[in-house]
Each structure stands twice: as structure tokens, then as C-alpha cells.
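First up is the structure itself, then whatever we jot down about it.
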Amino acid sequence: MPYTTNDIKRIEEKWQQYWAVNKIFAAREDAGRKKYYVLEMFPYPSGKIHMGHVRNYTIADVIARYKMMRGFNVLHPMGYDAFGQPAENAAIKRGVSPSDWTYKCIDDMRSGLSRMGFSYDWDRELATCDASYYKWNQWIFLKMFEKGLAYKKGSPVNWCPSCETTLANEEVINGACWRCKSEVVQKDLEQWYLKITQYAEPLLADLKKLDNWPERVRAMQENWIGKSFGTEIYFKVKGTDEVIKVFTTRADTIFGATYVTLAPEHPLTKKLAQGTPQEKAVAAFIEKAANTSKSLRVSGDERKEGVFTGAYAINPVNNETVPVWTADYVLMEYGTGAIMAVPTHDQRDFEFARAHNLPMRVVIQDSARPTLTPQQMTKAYEDAGVLVNSAQFDGTPNEEAKKKITEWMDASGMGKFQIHWRLRDWLISRQRYWGTPIPIIYCPTCGAVPVPEKDLPVALPKDAPITGEGGSPLAKVKAFVEVKCPQCGKDARRETDTMATFFDSSWYFLRYCDAHNDKVIFDQKAAAYWMPVDQYIGGIEHAILHLLYSRFFTKFLKDLGLVSCEEPFTRLLTQGMVLKEGEVMSKSRGNVVDPDEVLARFGADTLRLFILFAAPPEDQLEWNASGLEGNWRFLNRIWNAVEGRYKSDVRRQTSDVQPDAEDKKLELERNSAIKKVTDGMEGGFKFNTAISAVMVLMNAVDKYETGQAADVGHQADKQLFLNRALETVVLLLAPFAPHFAEELWEMMGERPVDVGRETSDVKRPASKPGHKASVAFEPWPAFDEAALKTDSVRIAVQVNGKVRGQFEVPRDADEAVLRAIVLADEAVQRHVAGKEIRKFIVVPNKLVSLVV
RNA sequence: GCUGGAGUGGCGGAAUGGCAUACGCGUCGGUCUCAAAAACCGAUGUCCUCGCGGACUUGUGGGUUCAACUCCCACCUCCAGCACCA
């Protein structure tokens, strides 16, 4: 009987129920067992699960199940990143409450996840929108407030006009809102920030420790944090007491600074122009820059606009008087908002100087061809060289000069070494409803007062009017806003903004260690046991946002003494997207494949197998319906072989048996399959090749004949080898196709032979004798090195680098033997005939190479 | 521009410097069938050749080596992230 659609449904339900009822994946701390924490980035509950989820969680599940079979105490939890704007949008569109909508979606997702057979510890399930969770968001916020890491300031912020809320720098993608793609504008607002910049140094330095993270994620974070070493130089403004501080990484070019440029927003820009003939022009320019969107200002590289401020500054190194300009290409948010312009050695300054007829001076020459002159130059010379026109520094190589000049300036008060960071503090205030209320109370007398810990959580009121416009919905809930000051008892008002939802996801991995603790954020011992996450799996889209914030929170909580690890995620795997016809599956493109439809026809195991087999986990995966059928056929072949050929009444041990050549061949295939799958799992989760190794073994099983042996006794022996091979197939496949493996394992009955089990000092949960117990905790099969060594090997023969033949030779044959065999061959002779053999190279058991 | 990654059959993809194209899909041929589907068996990089066999082939061009998809140099293309960052 084949493995039919009906069987699939019955089998999958049966085992899903078995796993759930027996809670076999519930994790317990056990100091005597080695732990392994597998985590996938938890989903935003937007409705049913999609193929992207299926891929992400299947990868994680295979790892979790594999590690269980290897004897690890595995923690594999699941939860929901449940706060966020889509719930509010649904509320506006459908007239349901964000809470009802979210919990409905969570139910849908949970049942979708269950149908895939994922090995979660459901006892630890959490949703960030539960007060029992966000209470601890507020608690962390208060701790940060206490340490001065959460603070409020008025400053220009990124504002999404469509979402009507502020955004963090990390949420602005190419000048647009990451969520709705509307153009982001700048707005001056009082907002709450987290001082992530205080952790810039360790966040950067510890990236080096994350050598099991993809290189590109580390590179992206490094660029984002953006440490640059440079010099701050002071230019006095002529005739005033004002000083312009500029930041440069090219102190070596200071003698070539022929003017100074301020950002339009720089406070001195307007001030310096006052009373000069340029006053009106400067005011107009500032006005124009303020009204130009940042993305437009930054877009065109050709157009560099600016005006003279009317003021002059003194270059401290040579007391030269240089004009002060303002230009749109200087950004207020980087460095000091002011630069020294060196047109000969900076391309932007060069373009600007040419456009506005500003003076230039060459101060670095290519040591090989010192021929640069300002008149001839068509672009800035930004390469290395030696200094000229630079007083006592003439002739110094420019890299060396950076340090020497800065030291010299520092000694005489002209400037100093300075480090600048690209990273900004994290703006977390959101003018939205469906998030964690910020636990602050504003008192007219006491100012911003933290909500006392005993009053947590500050509960999100259920009845806020959600319209999507007109500011924070919480501000309209009188009962929420009006409160007494915890310090003086007078009338006060609550903060009505909520936290950015990335706050919620920055520490959820810690809460899983002790998910239902209502006394403390989590038990420190539990966290010390489980943390750090050994393997984290998720999308590359979180390379900066979520992963950087989580690292920041972990470091902060470590400083509080709550966790013992520096970094939350030891290994990171970023899975590729699921494509169809070359495009990302998405509802808007209308090219989605619904996992439910695939489940109904082929079942979870085939779907899992297809997703893992079709591409390496990090690569993009092209959906392919006939590939899916191929994997279904593969499972069928195994099913038919076990049902038709496996005999559980054969009970002899393999050591009693004398194998013939065919038996040895099967054993070789069996052992090399174990080796290949194991190596693939240990060496970076190469699921596609691991599955192909099982396919190769299955091909060998199909070719293996048990009925041909002359005597009946040997037929029974052959059955033994067949049984052994089939059991190995089922065990190797168990992490990939768990329901299928459980069913076959049960069908196999009492365990008749030894598959060659892994021996290890790691304790395992007791498993019942025979095959009745779940295959999930069966020891992973071990391979036998000796069986991999055949008596003879096939080697190739090359003549002058070209393959001219293949030979079956004894293992480890020496050169003399090989020479005799190889040179006797007619095909080799044809290419060697009459020529002198200059070299005879032997690569043991692989090939010989002749040079004639 | 900077940073990271990738270019291998008709397709997805495989190869610690050692027989390129494993495994799967597709295609072609066959078995079974009245027929089809399913299943099973076989073939399948390109070119020349009836065949034996030979030549060529991992983005391009060089180099190192007995031997290069793999190492080195230069370049091209594509993907991703960042970007008037001083």
C-alpha cells in the first residue's frame, strides 16, 4: 500500500497529538546535560503563516531535532511579536479592536505552526502584547531611565506623515518609511531616546567575537556604527570671539584648507552673516535648505549649492584668512556640522570650489609624479603621497602626517584627536496606540517622574479611539492620562506615547528562559543556563535593526548583573527568501503559494523536505511544483521499501554475519551516508546535500537484492543488512521528515539490530525499549570508519594533466605496483608511447599523474 | 563611490588543489496498459564521428602547479547594504 494523502493526514495528526499530549519537547534546566538553545525570529502575527515562515521555522526545527538526537538538552520556544501598527490599521479598516484582531491572528498562526510539526516547547509561548510581557518592557525602561540611558530631548526627528509617527534612524530606508515607503520628513519634537551610543564601542568591538555570524551582517553593523578617527580643528572667526570647530579625517591636508563650510542648520551660519552684506542671501539659503527634503538635498551629486556668509576665519596652522561659506552638502548631523574645505584633495570640495571660484592649493603630491597643479586638475587627488606647501611637514608621507600634525596641533591648542560615530541614539517614542505605554508621569512641580515599580504594568487602556490621525490615541483617554504625581501627589499627566515595537523584540529571547515569571523579569539561573542562544535563524532584513538593538539590550542587562553573556546570539543563520517566477512571494504580487494547499496534497514532511533540499538555507529558494513532487516520490520509495521489504523478525547481530561483496557495498553506502549527513549538519547546516546523501543510500537499498543468496541462512543475513540500512534511512531522515520517520519507526516494531549508535557521555531522556518510543530522542547513528575503507579503490590516471583511464587497484598500493598496472594499459600506452616519463605522481587512493 | 556576496548543464544545485556536473527536476527512450496517469528500468554538458574515439567546457583575460570551479593578479556582470559621513 503506498503512502497516500489519507495516510499523510492520519499520520501527521497522530504524531502532532502525541508530541503535544506528552509534552515531549518541554525543556527543563538540567545542569548535568549540555544545553542547546535554537531560536527563530518570532513572527509578527499578521494572519496565517506564509512560505517565508515555513522556511525559517523548518530550518530551525531540523537543527533542534538533530541536536536532540545528538543528546543535547534543547530549548526551542515560539512566541509572537504582537504589538505594532498593522493591528491598528486592521482596527480602523474592520472596526475590530487591535487586541481581538491580534489574538485571532495568533490563534491562526499557532495552528499553522502545529500543522508543520515543529518541535516547540509550547509551555513557553509568549505574546509581547500581554501585560505580563510588556510590564517588563516598562521595567527595563525604568532601569534605563535610572541609569541615564533613557532620556527625553527636543531635536529634529524623522517623521512619517502617513503613519503619523516618529521613526528611528534605522527605520528610515533611502529617505522613506521602512513600513509604508512614504517619504520621511524632519520635524522638531520632544521625544524619548535610548542612549545606545554609550555602547557604541563594545557593540563595534564585540562584532569580532561573532565569527559564526555571516560576514555581511557584521559588515553592515560595522558600517552602521561607523567609527571614524579624525581630528577636531578650531578656526577662529575673524573679528569675533566665535570659534568654528571642524571635524576631519584628513588632518594631513590642513595646509590646503582654503575655506570653511558650515551646514545651513549650523547655529553660526545665521549669526556670522548678521550685519554683513550677505545677511539676506544667507537667510534665503537657510530657508531654502530647510524646505528641501533631505533625500532631495542628498540625491544629486552634481548640484552643490551654497553662499558666502560674509565672514572670514583664520586657519590656525598658517594664520591665513579664509572665507566662511555655507553649503547644502555639509550635514549638521555628522561631525560638528562644519568642515574645512580642501578642494585639491576632496572631490566634493573640488566641485564646490570650481563652481564658486574658490582658491585651491596642492598640499599632497604623488611621490612618483609630483606634477599636480590646481590649474590642471580635473578632479581631486585623494590618493596617498607626500606633503608639500605644508611648512615643517613638507616631505612627510601623508598617512604619517595625519598623526604628526594632530599631535602638533594638540600641543599648541589648535585641535585634538577626535573619534566620531555614525550611530545615533535610538528614538523610541511612537505616537501610536498598539504598543507598550512609556511609564513616565509629567508633574508640573516634579517634572518627568518614573512610574514606581510596584505600579507596573501601566496597562494599555482598551477603549482608546483609533483613527490613524491626530496624534497619540492614548492622549484622548482621560482616565489614562489623568493621574496623581507619585512624588508629590498633585495632579499630573501620563506620557501618552508608546514604545517602538523593536523594544519588545530586543530581549524576548531572555524571557523564553523563564517565560511566566511574575515576580522578576526572568530567573537569573535559568538565563545563565540557557543563554546565549546557540543558533539564531531569521531574515537578513533584521541585520541592523533588531540584531543591533538586541545586542545593546543584552549588554545593558549584563551591566545590571542579570545575564552573564556579552552577546545574545552565538551563531546566526540568515535564510534566503522564497521566490516564485524569480520574484519574492507576496500578496501584492499575487504569487503566493499557500502552505495549507501544499499540506493538503503532500503533507508537512514533503513540504519540509522540498524546502530544505531545493537550495542551501542561506540562498534564495525558487518555488518549483515538480521539485515538490520529486520529494514526495522519494518518501514514497522509502515507505514502499519499509512496508514491502523490512522484516522485523530478524534478530541476529551483524557481528555474527560474514558479509559478501554486495553486503559490504551496502554497508559502505550506509556508513558514508551517515558520515555525509553528520558532516553536513556539523559543518554549517548543509541540508540539501544531507538529503541527497540519504537519497544515494536509498538508491543503493533499491539495488540491493536479498533473495539471490544460494542458501537460506545467507538470505536471512542479507535481510539483516537491508533492515539495518532502512533503519538508518529513517533515523537520518527523522529531523527532516519527523511525522514520517515516527510512523515508520513505529512500524518497524521492536528494534532488531544495532544500527551503530552514537556513544556519548551526554545523558538523554529515558526512551522506552524497542521502537515504541518517539524517534525524536533516538541516538543519532554513528558511522564506522573501517566500513568506509574498501579493499580496493578506483583511481584515475592523468597523462599531462588529462584523464586517460580508470583502474581498480588495491587500497594503499605503492608506486611500483601502480606503475605496473597503469603502464600495462593500452589506452595509457597510446598517450605515453615512445616518450620519456619525467614524473610519476601518486595521490594515494585517488589518482596517478604522469608527465611525459 | 565604499562594504559584503555571487557567476558551474535546459533548471535547482554538488565538488578538504586530485576523475567537474553528485542528488533532484525536466526531457528522450523503454516496461506495464485497450489507452492514459501512476510506478518502474535506461539514457541525458557541448561539438566532431556510423562507431571506436577525440576536442572543448565552471563569467572574461593572464599567472602559479604534474594537476585550478577551488590559490594569485586584472577585468566584466549581477544581487544586497550603506552613501555629499568630511
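Lettering follows sequence order; numbering is per chain, from 1.
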Figure out the [atom1]/[atom2] separation between [X] and [N], and round it to whole Å.
X: A/Met220; N: B/C2; atom1: CE; atom2: C1'; value: 14 Å
X: A/Phe610; N: B/G13; atom1: CZ; atom2: C1'; value: 12 Å
X: A/Gln620; N: B/A80; atom1: CD; atom2: P; value: 8 Å

Over all strands shown, is [X] touching base, sugar-phosphate only, or nothing at heavy-atom distances under 4.0 angstrom?
X: A/Arg424; result: nothing
X: A/Val843; result: base
X: A/Gly630; result: sugar-phosphate
X: A/Asn631; result: nothing
X: A/Glu622; result: nothing
X: A/Pro616; result: sugar-phosphate

Of the listed nucleotides ([options]), which one gets closest to any side-chain atom of [X]?
X: A/Ala614; options: B/C19, B/G24, B/G12; value: B/G12
X: A/Val803; options: B/A20, B/G18, B/C23; value: B/A20
X: A/Gln798; options: B/C25, B/G81, B/G18; value: B/G18
X: A/Leu331; options: B/G5, B/A15, B/C85; value: B/C85

Go through the side-chain N and O atoms of [X] and [Y] and say whether any donor and acceptor fall under 3.5 Å apart.
X: A/Arg838; Y: A/Asn800; value: no
X: A/Tyr329; Y: A/Glu351; value: no
X: A/Glu541; Y: A/Trp178; value: no
X: A/Ser228; Y: A/Thr249; value: no

Are any of [X]'s side-chain N or O atoms less than 4.0 Å away from OP1 or OP2 of [N]?
X: A/His831; N: B/G54; value: yes
X: A/Lys802; N: B/C56; value: yes
X: A/Arg633; N: B/C25; value: yes
X: A/Arg348; N: B/C85; value: yes
X: A/Arg218; N: B/U3; value: no
X: A/Lys846; N: B/G18; value: no
X: A/Asn688; N: B/A14; value: yes

Nearest-nucleotide 5' precedence on RNA chain B, A/Thr249 against A/Ile173: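 The answer here is A/Ile173.
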Would you kindly compare A/Ser228 and A/Val696 by the position of their nearest RNA chain B nucleotide and give the one closer to the 5′ end? A/Val696
Would you kindly check whether a donor in the side chain of A/Gln347 faces an acceptor in the base of B/G1, or vice versa, at under 3.5 angstrom?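 Such a pair does not exist between side chain and base.
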Any donor-acceptor pair under 3.5 Å joining the side chain of A/Ser849 to the base of B/C66? yes
Which whole number of Å gives the distance between the [atom1] atom of [N] and that of [M]?
N: B/G18; M: B/C11; atom1: P; answer: 26 Å
N: B/A20; M: B/A14; atom1: C1'; answer: 10 Å
N: B/A15; M: B/G30; atom1: P; answer: 36 Å
N: B/G26; M: B/A37; atom1: P; answer: 13 Å
N: B/C78; M: B/C85; atom1: C1'; answer: 27 Å
N: B/U31; M: B/G17; atom1: C1'; answer: 45 Å
N: B/G4; M: B/U8; atom1: P; answer: 22 Å
N: B/G45; M: B/A22; atom1: P; answer: 9 Å

Could you tell me whether A/Trp426 and A/Phe502 have their ring centroids closer than 6.0 angstrom?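 Not under 6.0 Å, so no.
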Qualifying residue, where the test is side-chain contact (heavy atoms from CB on, under 4.5 Å) with A/Phe602 and the options are A/Leu628, A/Asn631, A/Leu635: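 With A/Phe602 as partner, side-chain contact (heavy atoms from CB on, under 4.5 Å) holds for just one option, A/Leu628.
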Syn/anti label of B/G29 as read from its glycosidic torsion, with the cut at 90° from 0: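 Because its glycosidic torsion lies more than 90° from 0, B/G29 adopts the anti conformation.
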Distance-only donor-acceptor pairs under 3.5 Å for side chains of residues 844-852 of chain A, two or more places apart:
| from | atom 1 | to | atom 2 | distance (Å) |
| --- | --- | --- | --- | --- |
| A/Asn845 | OD1 | A/Asp812 | N | 2.9 |
| A/Asn845 | ND2 | A/Asp812 | OD1 | 2.9 |

